[in-house]
There are 2 protein chains.
Amino acid sequence: MNKQDAKTGIKPTVNDIARVAGVSLATVDRVLNARPGVRSVTIEKVNKAIAELGYVRDTAAANLARGRVYNLLFILPDTANEFVVALDHHVTEQAIKLRHQRTTLDTVRVPPFDPQSIVQMLDNVDASRTDGVAVFGPETPSVRDAVKRARARGIVVVALVADLPSSERDHFIGVDNVAAGRTAAHLMGRFARQSGRVLVITGSRLARDHLERRKGFDAVMSEHFPELDVVASIEGRDDPELIRKMLPDVFASYPDLCGIYSSAAGNPGLIQYLSDNPHPGLTVIAHELTPTSRIALNNDVFDAIISQDTGHLVRSAIRLMKATADRQPIDHTQERIRIDIYLRENMPTP
Amino acid sequence: MNKQDAKTGIKPTVNDIARVAGVSLATVDRVLNARPGVRSVTIEKVNKAIAELGYVRDTAAANLARGRVYNLLFILPDTANEFVVALDHHVTEQAIKLRHQRTTLDTVRVPPFDPQSIVQMLDNVDASRTDGVAVFGPETPSVRDAVKRARARGIVVVALVADLPSSERDHFIGVDNVAAGRTAAHLMGRFARQSGRVLVITGSRLARDHLERRKGFDAVMSEHFPELDVVASIEGRDDPELIRKMLPDVFASYPDLCGIYSSAAGNPGLIQYLSDNPHPGLTVIAHELTPTSRIALNNDVFDAIISQDTGHLVRSAIRLMKATADRQPIDHTQERIRIDIYLRENMPTP
DNA sequence: TTGAAAGCGATACCAC
DNA sequence: GTGGTATCGCTTTCAA
């Protein structure tokens, strides 16, 4: 006897649809996956059954039958800075974990601040071997076009950390950097012990995330903390050594410097300088919780750190690439990357 | 021809094990699932093949074959406070999402601060119908014992928000509340505009999370900010109306009050009072980002909010209960709940 | 244009 | 103690 009496409110399956629609399993599958070669009358019947039963596909079973494998690629800048190292680390970690879940993760490193390398990487991605790519890089016209080309080939492309809005990437995984800059300014304003000058250290004019932070920082400083004077920023190019060398001049020029906002990478240079030349009363706010910045926070060299969870960034990128590739819905609250504020007291244990 | 030549480095399956070990599928399964009735010699053979091939079970396939369904239960205090409402909301949200992924989620509400109701609920949980329970409640000897009994029956029990360490619960999902209290103190110390008195509003002496926060707060205040004097705390029992009524006396007693740390629930009462009786220069730090506290932050009634992500709490609890029920490994970095600090500038959009 | 039947990887019932 | 085999929900040849 057939399990006809499955009216029991349990989950309907493809078999139920086939029975109700009076067609075969194969036909149900054709309709379900929009495959050609089905009369529209039949399509109607099947769709009616689907709606009637409230059918929802069991993705796990589908992937099993299909032998579905997700091949994802991360394109990261080839810098030694700890934030990128942390991202890379998390990709590797997920890679070994997801190997047993039909997912492969690869990472390629391209020269930093070099749009052409990214373009080249993107153009080399083979749609038949790669389902999705996560890109952390500058937004230039050439990158934008390469992203568009990749997407046209059917590859899912997401922007990581720094957005590439003009490229029509599938998703952006990262924080609102304008808000991050505003947050830094708010903390600077409330923490600064006196009025005086404030220095901003930026990274590159090419980096969208850096520009946005700067913008947000300036807005809040001028609006809410007029007693603090933001002086011309220095461009550290994420280079610790360069930053360390630039600082003596800055302090010489502004004896009343009371705050520094390190909005990009290169923190080790700043920390080195400040450790060698202590400036008590100086309020320092930097980005990204890393082994080095963690120590600086513990030693009162930094007063606060604005951060984003690298593990979350990577896991979120993976989930979004898979969901997009499968045209599945997204849980936006889970994917929203928060702007973390860390003080000495609330750092997570390493 | 058989797919003998699967030496291609691809994932080994139960079939590969059976072939290599020279036994049947059924026997492989017996060994894999530690079922009785297999000679130790045979067990050896199979285990050897498993190790040799580096086999890892495909959970998706296993759950499909098994018809595995996860039935999980959340026990939450029956209060109208927004934090609990948010938790409840996320449980419901996940419930409808996971319904299509072999998972059912239920919530029961028990009277707040009432250990006996929790004990009753726990004792009534049927191990044959429920795989795991997440409990948010006070740590009392009776609750501790009920948790132990539930676990003895084979039910996974996790503590949510407030830990129940003495119960030997399977996991705790929540923040380090001592550190949260320390964080609040650090912010209070840096934000307070002058020296003076600081008030702490606690919830219940039964609530472990409240006690821990208080402990952390006091420690940092006395150690780092001696210019601020923490006065005897008031116990608000998470009751907005009660809190509102207690405040006039407090302000009368301490004209130099310069800070309030609202360490538990009941914020609406505090906000109401402060809106009716503005105290410019007063630094207020509260817990949990909710619709109400969000507005208070926006209106400068609150200076900062210490929070924990309710969506993350719920998703994490679910993942942990499932993983524990299946004896699967856990990604601790993903499950760590962060102590969030929110200023007006970095609140996530609602 | 449609259907029958063989899997995907793992489990479980029923024999021997 | 072991092995054969149907089954889970879905996909995919191969025929008809």
Side-chain angles (χ1 to χ4, degrees), chain A residues 1-3 6 8 10-46 49-50 53-70 99-103 326 328, chain B residues 1-3 6 8 10-47 49-50 53-70 99-103 326-328:
Chain A
M1 169 179 284
N2 284 335
K3 56 218 75 164
T8 34
I10 319 295
K11 309 276 317 292
T13 73
V14 275
N15 292 288
D16 299 320
I17 299 179
R19 185 169 34 74
V20 172
V23 300
S24 77
L25 267 186
T27 298
V28 172
D29 180 71
R30 291 189 184 100
V31 175
L32 236 33
N33 296 290
R35 277 186 255 276
V38 188
R39 281 185 309 166
S40 48
V41 216
T42 315
I43 297 187
E44 286 302 311
K45 278 196 299 187
V46 174
I50 290 177
L53 297 175
Y55 169 82
V56 179
R57 177 205 258 94
D58 180 327
T59 321
N63 283 350
L64 174 60
R66 204 183 298 217
R68 218 281 192 229
V69 173
Y70 299 90
R99 201 175 36 191
H100 305 301
Q101 289 169 57
R102 314 171 166 283
T103 305
D326 288 349
Q328 292 210 331
Chain B
M1 167 178 286
N2 284 335
K3 57 218 70 164
T8 34
I10 318 296
K11 309 276 315 293
T13 75
V14 274
N15 292 288
D16 298 322
I17 300 178
R19 184 169 35 73
V20 172
V23 298
S24 77
L25 265 186
T27 297
V28 172
D29 180 68
R30 290 189 184 97
V31 175
L32 236 33
N33 295 289
R35 276 185 254 276
V38 188
R39 281 184 309 167
S40 48
V41 215
T42 315
I43 298 186
E44 286 302 311
K45 276 196 299 187
V46 174
N47 278 138
I50 290 178
L53 297 174
Y55 169 82
V56 178
R57 176 202 261 96
D58 181 325
T59 321
N63 284 350
L64 173 60
R66 207 185 299 223
R68 216 297 189 213
V69 173
Y70 300 91
R99 202 175 37 192
H100 305 302
Q101 288 168 60
R102 314 170 167 284
T103 305
D326 288 349
R327 296 187 168 64
Q328 292 208 332

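Letters go in sequence order (proteins before strands), and every chain restarts at 1. FYI, side chains are in, hydrogens and waters are out, and symmetry mates aren't considered; it's all heavy atoms of this structure. This is a predicted model, so every value here is computed, not measured.
Under the side chain to side chain contact (heavy atoms under 4.5 Å, CB included) criterion, A/T13 pairs with A/N15, A/D16, sequence neighbours left out. When the side chain to side chain contact (heavy atoms under 4.5 Å, CB included) test is applied to B/E44, no partner is found at least two apart in sequence or on another chain.
One finds no side-chain N or O of B/T13 lying less than 4.0 angstrom from the OP1 or OP2 phosphate oxygen of C/dC8. Checking the phosphate oxygens (OP1, OP2) of D/dT2, a side-chain nitrogen or oxygen of B/T42 falls inside 4.0 Å.
Side chains of B/N47 and B/I50 form a contact here, defined as non-hydrogen atoms less than 4.5 Å apart. Looking only at side-chain heavy atoms (C-beta outward), B/R99 and A/V56 stay at 4.5 Å or farther from each other. Side-chain contact between A/Y70 and A/N63: present, with at least one pair of heavy atoms (C-beta onward) separated by less than 4.5 Å. Looking at B/L53 and B/I17, their side chains come closer than 4.5 Å, going by heavy atoms from C-beta outward.
Side chain of B/T27, nearest nucleotide from D/dG3, C/dC8, D/dC10: D/dG3. With C/dA10, D/dG9, D/dG3 as the candidates, the nucleotide lying closest to the side chain of B/S24 is D/dG3.
When the local axes at the two ends of the helix from C/dT1-D/dA16 to C/dC16-D/dG1 are compared, using 5 base pairs at each end, they differ in direction by 50° after rounding to 10°.
Across the protein-nucleic acid pair, A/K45 atom NZ and C/dT1 atom P stand 14 Å apart, rounded to whole Å. Here the C1' atom of nucleotide D/dC10 and the CD1 atom of A/I50 are 13 Å apart, to the nearest Å. Between the CD1 atom of B/I17 and the P atom of C/dA10 there is a distance of 7 Å, rounded to whole Å. One atom, NE2 of B/H100, and another, P of D/dG9, lie 15 Å apart when rounded to the nearest Å. One can place CG of B/N63 at 15 Å from P of D/dC10, the figure rounded to the nearest angstrom. Whole-Å rounding puts the B/N15 CG to D/dG3 P distance at 14 Å. Taking atom CZ of B/R68 as the reference point, atom C1' of D/dC8 lies 15 Å away to the nearest angstrom. Between the NZ atom of A/K11 and the C1' atom of D/dT7 there is a distance of 17 Å, given to the nearest Å.
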So which protein N/O to nucleotides 12-14 of chain C N/O distances come out below 3.5 Å?
from   : atom 1 : to    : atom 2 : distance (Å)
C/dA12 : OP2    : B/R35 : NH1    : 3.0
C/dA12 : OP2    : B/R35 : NH2    : 3.0

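Residue pairs meeting the salt bridge (Lys or Arg N to Asp or Glu O under 4.0 Å) criterion with at least one member in residues 55-66 of chain B, sequence neighbours excluded: A/R102-B/D58. Residue pairs meeting the salt bridge (Lys or Arg N to Asp or Glu O under 4.0 Å) criterion with at least one member in residues 25-40 of chain A, sequence neighbours excluded: A/D29-A/R35.
In this structure, A/V14 reaches the bases: a heavy-atom distance under 4.0 Å links it to at least one base atom across the strands shown. Note on B/G67: nothing from the nucleic acid sits closer than 4.0 angstrom, heavy atoms only. Here A/V23 lies in heavy-atom contact (under 4.0 Å) with sugar-phosphate atoms only.
Considering all non-hydrogen atoms of both residues, B/A60 and A/A60 come closest at CB-CB, 4.2 Å.
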- Query: What do the steps show when you test A/T27 against A/V38 for side chain to side chain contact (heavy atoms under 4.5 Å, CB included), and what is the final call?
  - Reply: CA-CA 7 Å; A/T27 298; A/V38 188; 4.2 Å; yes

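Between B/R102 and B/I43, it is B/I43 whose nearest contact on DNA chain D lies nearer the 5' terminus.
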